[in-house]
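First the structure, then my questions, so here it is.
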Amino acid sequence: MTERQNTSARPQRDRPWLMRTYAGHSTAEASNELYRRNLAKGQTGLSVAFDLPTQTGYDPDHVLARGEVGRVGVPVSHLGDMRRLFQDIPLEQMNTSMTINATAMWLLALYQVVAEEQGADPGRLQGTTQNDIVKEYLSRGTHVFPPGPSLRLTTDMITYTVAHIPKWNPINICSYHLQEAGATPVQEIAYAMSTAIAVLDAVRDSGQVPQERMGDVVARISFFVNAGVRFVEEMCKMRAFTRIWDQITRERYGVENAKQRRFRYGVQVNSLGLTEAQPENNVQRIVLEMLAVTLSKDARARAVQLPAWNEALGLPRPWDQQWSLRIQQVLALESDLLEYDDIFAGSHVIEAKVDGLVEECLTEIERIQEMGGAMAAVESGYLKSQLVSSHAQRRARIESGEEKIVGVNCYEATEPSPLTADLDTAIMTVDPANEARVIEALGTWRDRRDEPRAQEALAALKKAAAGDVNLMPATVECARAGVTTGEWAWALRDVFGEFRAPTGVSSAPVAVAAEAGSTLAQVRRKVAATAEELGSGRLRLLVGKPGLDGHSNGAEQIAVRARDAGFEVVYQGIRLTPEQIVSAAIAEDVHCVGLSILSGSHTELVPDVLDRLRRAGAEDLPVIVGGIIPSADAAALKAAGVAAVFTPKDFGITEIIGRIVDEIRTANRLDPLEVPA
């Protein structure tokens, strides 16, 4: 009996990764309730989603914040909001990830002060601030300041945490959004590593950390990656990441301690790869993508957060997030995954793939270093144009059917899904009245604070920014003094200025050839014929990104394809007010306005654009809208005067451009035009 028991004894299991869900919405109070509920369900860490005004340094009452407050995350405008966000959650015992970049220093200061108010020792706080500004310039668009000052903020924060919050990860170099913006595995690794080199060089050269403590800095650098559906390639990507990081930190920074050189990363699997069509297929996509970053012990994620099956439809409900958490728990607790050493060790197939990735990545990293490093490659537009080009090529493969997406461009026939039988209840919505309540609460906070202390703190921050001292102490004092998010950011804007990143559109090469008989060739003829009938030389399309939504991938791809179809494209990048968009449309005498919004603010901003066009006498100018737009909202937008609404299910970009031409013809009372192949 004893022998049988020994034979069936299971090996010791590894500790599971941190399990998180990316969450936050409406208000600090509502988000706090959600966090406590998720922790009670077995979530082992928090991952805070901040709304776009918080991420981009605006208070809720700023004109650009309209329609964005509490939409894609929680609004945190001051210390009072941060207190309520973590009420009854002991921060000394929590591991908290905060997806925050341009305003990362500010949010960490608020977090530190709240923790101290709870009686916590800052030296015991554990968690991560994303704080990767390079990928914001390239893919996500929540940057505020120019590259130089942004790198200074990052450097000051890293050196401060090494000295005062040593268990905190002050930067989470984030290649996640690079993949969503079109990056190949080689680009994802190379651009992330180039960012890490720029940051570590800046910390080393700042003189704030002695050389003998560079190992402590390296040990607190973490990464946040994307896992796509190409399982083998994604798993090999993580093994290549691990090998390259070990080499760079040992050779470039002289870190001899292998534990300090360990590649530490968290992951969210690919959200923008989820589909609106047959969304139930997203569940198996999520599982497969999670396996890519958990099966290989030698390159296993330290933290995992999974999107919900319905994120291509709108904001997930608590039940949807619970489902994603349970996926992690079943793998970690019910399977035998954590009982084995690396199951891919010795595979010649895996090793060959990893060797190839490492070689290509090191070549690209060297190319970027020859340009002057990641920051120079951002300012020159090189990195952005490469991503736009890669994304255009990927989209072309999907449209041609070379790259299959089940339920989208193949096997489209489907049974009715009970999950989406009532689309209006399959997602969570934010109360439209929430924004007004948040703004009112902000006014109350300003009225009740110690105003002289707040102004003194802001003056001290500006003085520090104009000099060369570490900005973190002045920022912590601003937090304690009741300064608001917008005030902190505007004080630094006054000193540093703002930055509009290159769009990468004009330099992107043609991704789809207009070969004889092709769909693009037909659309080009429609564009040319319509322009001739209107006597306008060329058709002109304005592509606009109203509000604070910085996810510009879709807008860029529409702009590039419209350009290739013969349009003259007006695209000024992200973060525009409805007033600016309408002014540009009138000044450029465009034939159509295309608006791209993924943040949910379409219900506020699109009607504003329509109203301003009417008041400008351009009520006949067709307006089309694209984004993550629920069906009920799409119907309301059309009723308000929008000519067409496109959502993620409309994956054929060339066909969309053809539809735009049709809407231009309809608006100008031209007969329908069928162009023969």
Side-chain angles (χ1 to χ4, degrees), residues 139 176-185 187-188 225-235 237 267-293 306-314 316 320 323-324 327 387-417 419-420 423 426-427 511-512 518-520 551 553-558 560-561 596 598 626-631 634 645-659:
S139 56
Y176 175 87
H177 301 91
L178 300 182
Q179 185 183 113
E180 291 193 338
T184 65
Q187 289 171 330
E188 188 177 342
V225 304
N226 201 329
V229 78
R230 290 173 57 83
F231 164 74
V232 176
E233 187 172 70
E234 292 295 320
M235 190 269 294
K237 179 185 76 180
V267 64
Q268 166 143 334
V269 306
N270 193 356
S271 293
L272 285 188
L274 305 181
T275 62
E276 178 184 6
Q278 299 181 26
E280 63 274 10
N281 295 340
N282 294 331
V283 177
Q284 50 263 37
R285 291 185 181 108
I286 290 168
V287 172
L288 187 60
E289 292 165 348
M290 178 179 61
L291 289 174
V293 295
L306 303 181
W309 68 277
N310 56 348
E311 286 198 15
L313 306 175
D320 307 312
W323 190 357
S324 291
I327 290 172
L387 289 176
V388 172
S389 176
S390 294
H391 197 185
Q393 293 168 17
R394 185 169 72 188
R395 293 294 310 216
R397 292 194 300 271
I398 293 171
E399 291 178 61
S400 70
E402 177 186 350
E403 191 168 313
K404 307 290 186 188
I405 301 180
V406 175
V408 175
N409 64 357
C410 63
Y411 306 113
E412 297 166 61
T414 182
E415 297 295 329
S417 170
L419 290 174
T420 57
L423 278 175
I427 57 173
V512 179
S518 68
T519 303
L520 183 58
H551 286 95
N553 304 330
E556 290 156 2
Q557 293 307 308
I558 291 291
V560 169
R561 193 67 56 84
S596 171
L598 280 77
I628 298 177
I629 300 173
S631 56
V645 175
F646 299 100
T647 64
K649 70 178 183 298
D650 303 299
F651 70 94
I653 299 180
T654 300
E655 287 76 8
I656 291 174
I657 303 303
R659 283 281 308 278

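Values below: every heavy atom of this structure, side chains too, minus hydrogens, waters and symmetry copies.
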Exercise. So, the side chain of E234 versus the backbone of G228: is there a donor-acceptor pair under 3.5 Å, distance only?
Worked result: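 Checking the backbone N and O of G228 against the side chain of E234, a donor-acceptor pair under 3.5 Å is found.
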For this session: Evaluate the side-chain proximity of L274 to I286: yes if any heavy-atom separation is below 4.5 Å, no if none is.
Result: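 A side-chain contact under 4.5 Å exists here.
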Exercise. Sub-3.5 Å donor-acceptor pair from the side chain of N553 to the main-chain atoms of E180, do we have one?
Worked result: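 Side chain of N553 to backbone of E180: a pair is present.
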For this session: Mind running side chain to side chain contact (heavy atoms under 4.5 Å, CB included) on V287 and I327 for me, showing each step along the way?
Result: CA-CA 7 Å; V287 172; I327 290 172; 3.8 Å; yes
For this session: Report the residues that fulfil side chain to side chain contact (heavy atoms under 4.5 Å, CB included) with P279, sequence neighbours left out, ordered by chain and then residue number.
Result: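 Side chain to side chain contact (heavy atoms under 4.5 Å, CB included) list for P279, sorted by chain: N282, W309, L313, T420.
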For this session: Please tell me if the side chains of V283 and W323 come closer than 4.5 Å, counting only heavy atoms from C-beta onward.
Result: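 When only atoms from C-beta onward are counted, W323 and V283 do touch, with a gap below 4.5 Å.
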Problem set entry | Under 3.5 Å donor-acceptor, Q278 side chain and E412 backbone |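 Yes: the side chain of Q278 pairs with the backbone of E412.
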Problem set entry | Non-hydrogen side-chain atoms of Y176 and E188 separated by less than 4.5 Å |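 SC-SC contact between Y176 and E188 ruled out.
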Problem set entry | Polar side-chain atom of E399 near backbone of I653 as donor-acceptor pair, under 3.5 Å |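 Pair found, side chain donor or acceptor close to backbone of I653.
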Exercise. Below 4.5 Å, heavy atoms only, C-beta onward: do Q187 and L387 meet side chain to side chain?
Worked result: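 A side-chain contact exists here, since the closest heavy-atom pair is under 4.5 Å.
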For this session: Please name the residue in the list L419, T275, N310 that meets the side chain to side chain contact (heavy atoms under 4.5 Å, CB included) test with E280.
Result: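 Among the candidates, only L419 passes.
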Exercise. Under 4.5 Å between any side-chain heavy atoms of D650 and I656, yes or no?
Worked result: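 Side chain of D650 against side chain of I656, heavy atoms only: contact under 4.5 Å found.
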Exercise. Would you say N409's side chain and E403's backbone share a donor-acceptor pair under 3.5 angstrom?
Worked result: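 A pair under 3.5 Å: yes.
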Exercise. If only atom types and distance count, is the side chain of R394 paired as donor or acceptor with the main-chain N or O of A183 below 3.5 Å?
Worked result: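 Looks like no, no N/O pair under 3.5 Å.
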For this session: Compare every heavy atom of A634 with every heavy atom of I629, then report the nearest pair and how far apart it is.
Result: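 Of all heavy-atom pairs spanning I629 and A634, the closest is CG2-N, 3.7 Å.
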Problem set entry | Close side-chain approach of V388 and Q557, heavy atoms under 4.5 Å |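 In contact.
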For this session: Could you tell me whether the side chain of E556 reaches within less than 4.5 Å of the side chain of H391, counting heavy atoms only?
Result: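 Side chain of H391 against side chain of E556, heavy atoms only: no contact under 4.5 Å found.
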